[in-house]
J.: 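I'd like to ask some things about the structure below.
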Amino acid sequence: KNTTIYWLIRDTFIIIHHFSNAIQKQFKRWLHHTGGLIIDVIDKIRRLKKIDTSSIVNKEFLIEKDGNIEIYYAPFDYINSKAKIVIVGITPGLQQMTQSFQAIKDGKSLKEVKDLSSFKGSMRTTLVKYMDELTIHQILKIKTCESLFDLDSKYLHTTSLVKYPVFDKGKNYSGANILKKKILLEFIEDNFLKELKILQNSIIIPLGNTVSSTIDYLNLKHQLKLKCFLKRFPHPSGLNVRKNVQFKDNKKEMLSLLKK
C-alpha cells in the first residue's frame with residue numbers, strides 16, 4: 001500500500017510540473033469537482049465495482065463539454081521528458097480508456113498505464129517496420145524499434161494531440177476539423193504544446209495527416225524549433241490502405257531529416 005501511495009504522489013508531481021498554467025487551472029477546477037486531489041480521482045477509479053463503458057464514460061470523469069464534443073479523464077498523464085522518440089496520435093479511444101482504467105484498478109502506476117496502452121497488433125508491426133526502414137533503431141543503437149515497446153521504453157514517449165479520450169456524439173472522435181473546434185484547439189495549445197516544447201529535440205512521429213497538420217500549425221504559430229519532425233509519416237492503421245505507398249513516396253525526405 002505504501003508503495004502504491006509513493007507512485008501516486010510521484011506521478012502527481014510529474015503531472016503538475018508538465019501542465020501549462022491554463023490546463024493546471026482547468027484540471028484543478030475539475031479535481032475540485034471530483035474530490036480535490038488526483039489521488040482521489042485514482043481512488044475513485046480503483047473503487048469502481050466494474051470497469052465498463054457506463055462506469056467510466058459518465059459525469060464523474062467528464063472534464064469538459066461543448067456541444068457534441070466531450071473530453072473525459074483517463075490516466076494518460078505520464079510524460080517521459082527524456083524520450084528520444086515521440087509518437088503522436090489524435091486522441092485515445094474508448095478501448096484504450098477502458099484498458100487504462102483497468103490498469104489503475106489493478107494497482108499500476110501512470111507510467112505503467114502508458115506502457116500497457118501503447119500500440120499493439122498489426123499497427124505496431126507496421127509502425128516498427130517503417131521506423132526500422134528509416135534506420136531509427138541504428139540512431140538509437142538498438143537492435144530493432146520493437147524493443148521501444150519493451151526493454152528500451154526509456155527512449156519512447158507516446159502521446160496524443162488531446163491526451164484524454166474525446167467523444168463526438170458518444171463515439172470515438174476521428175479528428176475531423178480539429179483545428180476548428182475551439183474546445184479541442186484550446187486543450188491542445190494549453191497541454192500538448194507544452195509536451196512539444198519539452199521534447200522538441202526528439203524525433204517526432206505524427207500518425208497521419210491530421211496529427212501532422214496540427215503539429216505543423218503549432219510549429220509555425222508558436223515558432224517552435226522542432227529538430228526532427230517526420231511530417232509525412234503515414235498512419236500505420238490497417239484502415240489506411242495507401243500507407244505503404246505514402247511511406248515509399250516520402251521515405252527519402254524523412255531519411256534526409258533524420259540525417260541532419
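Side chains are part of it too, since the values below use all heavy atoms of this structure and drop only hydrogens, waters and symmetry mates.
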J.: Whether the D132 and T144 side chains hold a donor-acceptor pair (N or O, under 3.5 Å, no angle test) is what I'd like checked.
T.: yes
J.: Would a distance-only check, ignoring hydrogens and angles, find a side-chain to backbone donor-acceptor pair under 3.5 Å from N191 to F187?
T.: no
J.: Has E189 got a side-chain atom pairing as donor or acceptor with E186's backbone, closer than 3.5 angstrom?
T.: no
J.: To the closest 0.5 Å, what do you measure between CD1 (I204) and OG (S212)?
T.: 11.0 Å
J.: F192: what forms a ring-ring contact (aromatic ring centres under 6.0 Å, His included) with it, not counting sequence neighbours?
T.: none
J.: Would you say Y78 ends up clustered with L116 if hydrophobic residues are merged whenever their side chains have heavy atoms under 4.5 Å apart, either directly or through other cluster members?
T.: no
J.: How far does NZ of K49 sit from NZ of K105, to the nearest 0.5 angstrom?
T.: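 These two atoms lie 10.5 Å from each other.
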J.: Within a strict 4.5 Å, meaning less than it, do heavy atoms of the L134 and F233 side chains meet?
T.: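 In short, these two side chains touch, coming nearer than 4.5 Å.
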J.: Given T98 and D52, is the side-chain contact (heavy atoms from CB on, under 4.5 Å) satisfied, shown in steps?
T.: CA-CA 7 Å; T98 304; D52 57 17; over 6 Å; no
J.: Quick check for you: to the nearest 0.5 Å, what is the distance between D216 atom CG and L224 atom CG?
T.: 10.5 Å
J.: Kindly indicate, with the supporting measurements, whether the criterion side-chain hydrogen bond (donor to acceptor under 3.5 Å, both in side chains) is fulfilled by D77 and Y164.
T.: CA-CA 9 Å; D77 302 296; Y164 299 141; 2.3 Å; yes
J.: Report the C-alpha separation of K251 and E133 in whole Å, then their side-chain angles, then the decisive distance to 0.1 Å, and conclude whether the side-chain contact (heavy atoms from CB on, under 4.5 Å) test is met.
T.: CA-CA 9 Å; K251 182 178 177 180; E133 283 193 39; 3.3 Å; yes
J.: So, F167 versus Y72, ring centres under 6.0 angstrom or not?
T.: yes
J.: Who passes salt bridge (Lys or Arg N to Asp or Glu O under 4.0 Å) against E146, sequence neighbours left out?
T.: R124
J.: Quick one, I178 and Y173 - any side-chain contact, counting heavy atoms below 4.5 Å?
T.: yes
J.: So, S147 side chain and K143 main chain: donor-acceptor pair closer than 3.5 Å or not?
T.: no
J.: Taking the side chain as every heavy atom from C-beta outward, state whether L230 and L258 have any atom pair closer than 4.5 Å.
T.: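 The answer is yes, as the side chains (C-beta and beyond) meet within the 4.5 Å cut-off.
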J.: Residues in salt bridge (Lys or Arg N to Asp or Glu O under 4.0 Å) with K259, at least two apart?
T.: none
J.: Find the distance between OG (S100) and CG (L110) and round it off to the nearest 0.5 Å.
T.: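 Reported value, rounded in 0.5 Å steps: 10.0 Å.
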J.: With a 6.0 Å cut-off (strictly less than), is the heavy-atom count around CD of Q95, excluding the residue itself, greater than 12?
T.: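 Not more than 12 within 6.0 Å, no.
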J.: Please test Q102 against K108 for side-chain contact (heavy atoms from CB on, under 4.5 Å), starting from the C-alpha separation and ending with a verdict.
T.: CA-CA 9 Å; Q102 188 61 58; K108 305 296 185 183; over 6 Å; no
J.: Between K182 and D66, does any NZ, NE, NH1 or NH2 come within less than 4.0 Å of an OD or OE carboxylate oxygen?
T.: no
J.: Using the ring-ring contact (aromatic ring centres under 6.0 Å, His included) criterion, which residues pair with F101? Sequence neighbours excluded.
T.: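 F101: ring-ring contact (aromatic ring centres under 6.0 Å, His included) contacts with F61.
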J.: Within the 4.5 Å heavy-atom criterion, are L257 and K260 side-chain neighbours or not?
T.: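 With C-beta onward as the side chain, the pair touches.
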J.: Could you tell me whether the side chain of L207 reaches within less than 4.5 Å of the side chain of P236, counting heavy atoms only?
T.: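 Of all side-chain heavy-atom pairs linking L207 with P236, at least one is under 4.5 Å.
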J.: Rounded to the nearest 0.5 Å, how far does CD1 of I198 lie from NE2 of H157?
T.: 8.0 Å
J.: Find the distance between CD1 (I42) and CD1 (I104) and round it off to the nearest 0.5 Å.
T.: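 Spacing of CD1 (I42) from CD1 (I104) equals 4.0 Å.
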J.: Taking only residues at least two apart or on different chains, which pairs with a member in residues 233-245 satisfy side chain to side chain donor-acceptor pair (under 3.5 Å)?
T.: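 Every pair satisfying side chain to side chain donor-acceptor pair (under 3.5 Å) with a residue in residues 233-245: Y130-N244, N240-Q246.
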J.: Looking at N209, is its backbone amide N or carbonyl O close enough to the side chain of S213 to form a donor-acceptor pair, meaning the two atoms are under 3.5 Å apart?
T.: yes
J.: Could you name each residue pair satisfying ring-ring contact (aromatic ring centres under 6.0 Å, His included) that touches residues 104-128, not counting sequence neighbours?
T.: none
J.: Any donor-acceptor pair under 3.5 Å linking the side chain of N250 with the backbone of F247?
T.: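 A pair under 3.5 Å: no.
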J.: Determine whether V88 and T214 satisfy the following criterion, side-chain contact (heavy atoms from CB on, under 4.5 Å), listing intermediate values before the conclusion.
T.: CA-CA 11 Å; V88 187; T214 302; over 6 Å; no
